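Please read the structure below before turning to the comments.
Worth saying up front: this structure is predicted, and the values here are computed from it rather than measured.
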Amino acid sequence: MGYTVGQVSAFAGVTVRTLHHYDRTGLLSPGGRSRAGYRHYEDGDLARLQQILFYRELGFPLGEIAEILADPQANALEHLRTRQRQLTSEITRLRQLAEVAERAIEVQQTGVSLTPEERFEVFGEIAFDLSYATDAQLKWRDSKGHREAMARASAHTKEDWRRLMAEAAAWRAELLAGHDDGEPADSERIMDIAEGHRLYVSRWFTPCPPEMHRRIADDFAADPRAFALVVPPSQQRPGLAAYLAEAVHANASRHTHIENQI
């Protein structure tokens, strides 16, 4: 039983134009004839088409495919090995390009205009999770504070980042010491530490009123990726993110109490 060019096109997933091109170049010509004299593809032709499509999927040019099919015993294995090396090299190149693109996206979404080497030098263990940066961009895209923070972050120089990271490290040491001393989260000492973080955000990124600080702290408690921006995993303690959030809420309530007394 033979198959028309239209039938082969339909079940092989190639266009009629492509099959005609294969026929004109001699790569694949229908070997059968119908009673009416029309050319039909037979089973052997379909097997050859399957080989052609296999090599095409691997990226072989048609001329090389013709060589392989002309003498498969002598050439196929070496051709495949050569193509495997080419594909491996191309995969490596594409991975490198993907890493470059990821770094470019990260710079845009985190607002940190530093080279990868400068980032490692300045931030050390503190890492920007690209998935969190993307989620935050979507979550806070309508927030004036978020837009201002990103704009100010992108304007910071390398020296600015050195200074703000040094301040962050000193603040983090105070937080860890208070937590490890067993100081209650709503004590004056820990609330003052929470206030220090609020002022730090205001100083370096965007005005941070107490209610905004509450939302930031809630994000720390709910999302480990967010908390890792202020306390790297190697320095974290169980319950520390919730402890900080409690201190921030207590400090915000303290502000409200003071304002009501004025």
I'd like to know if the side chain of [X] reaches the main chain of [Y], judged simply by a donor and an acceptor atom lying under 3.5 Å from each other, with no hydrogens or angles considered.
X: Thr88; Y: Gln84; answer: yes
X: Thr25; Y: His21; answer: yes
X: Glu246; Y: Asp186; answer: no
X: Thr206; Y: Glu148; answer: no
X: Ser202; Y: Arg198; answer: yes
X: Ser29; Y: Gly26; answer: no
X: Trp171; Y: Gly196; answer: no
X: Arg172; Y: Val230; answer: yes

Do you know which two heavy atoms are closest between [X] and [Y], and how far apart they sit?
X: Ala221; Y: Ala241; answer: CA-CB, 4.0 Å
X: Leu27; Y: Arg48; answer: O-NE, 2.6 Å
X: Asp45; Y: Gly32; answer: OD2-N, 4.4 Å
X: Pro233; Y: Ala228; answer: CD-CB, 4.4 Å
X: Gln7; Y: Gly2; answer: OE1-O, 4.2 Å

Query - Audit row: Val248, His197, side-chain contact (heavy atoms from CB on, under 4.5 Å) steps and yes/no - result: CA-CA 9 Å; Val248 168; His197 182 265; 5.7 Å; no

Query raised in the report: Can you check side-chain contact (heavy atoms from CB on, under 4.5 Å) on Tyr55 and Leu62, steps first, answer last?
Result: CA-CA 9 Å; Tyr55 289 117; Leu62 294 181; over 6 Å; no

Requested in this report: For this output row, return yes or no: ring centroids of Tyr3 and His40 closer than 6.0 angstrom.
Outcome: no

Query - Ring centres under 6.0 angstrom apart (His213, His249) - result: no

Is there a path of hydrophobic side-chain contacts, each under 4.5 Å between heavy atoms of I, L, V, M, F, W or Y residues, that connects [X] with [Y]?
X: Ile52; Y: Val8; value: yes
X: Met191; Y: Val201; value: no
X: Phe54; Y: Phe11; value: yes

Salt bridge or not between [X] and [Y]? Use side-chain N to carboxylate O under 4.0 Å.
X: Asp219; Y: Arg214; result: no
X: Arg203; Y: Glu167; result: yes
X: Glu188; Y: Arg254; result: yes

Query raised in the report: Trp161 vs His156 aromatic rings, parallel, tilted or perpendicular, using cut-offs 30° and 60°?
Result: perpendicular

Query - Side chains of Thr256 and Ser253, donor plus acceptor under 3.5 Å - result: no

**Report entry** Short side-chain donor-acceptor distance under 3.5 Å, Gln86 and Arg83
**Finding:** yes

How about [X] and [Y]: do any of their side-chain heavy atoms sit closer than 4.5 Å?
X: Leu58; Y: Leu80; value: yes
X: Ile216; Y: Cys208; value: yes
X: Tyr41; Y: Thr4; value: no
X: Glu174; Y: Arg189; value: no
X: Trp204; Y: Leu199; value: no
X: Arg237; Y: Tyr243; value: no
X: Leu229; Y: Phe220; value: no
X: Leu49; Y: Tyr22; value: yes

Out of curiosity, [X] [atom1] to [Y] [atom2], how far, rounded to the nearest 0.5 Å?
X: Asp181; Y: Leu176; atom1: CG; atom2: CG; value: 10.5 Å
X: Asp223; Y: Arg225; atom1: CG; atom2: CZ; value: 4.0 Å
X: Glu195; Y: Ile193; atom1: CD; atom2: CD1; value: 12.0 Å
X: Asp160; Y: Lys158; atom1: CG; atom2: NZ; value: 12.5 Å
X: Asp23; Y: Leu19; atom1: CG; atom2: CG; value: 9.0 Å
X: Glu64; Y: Arg56; atom1: CD; atom2: CZ; value: 11.0 Å

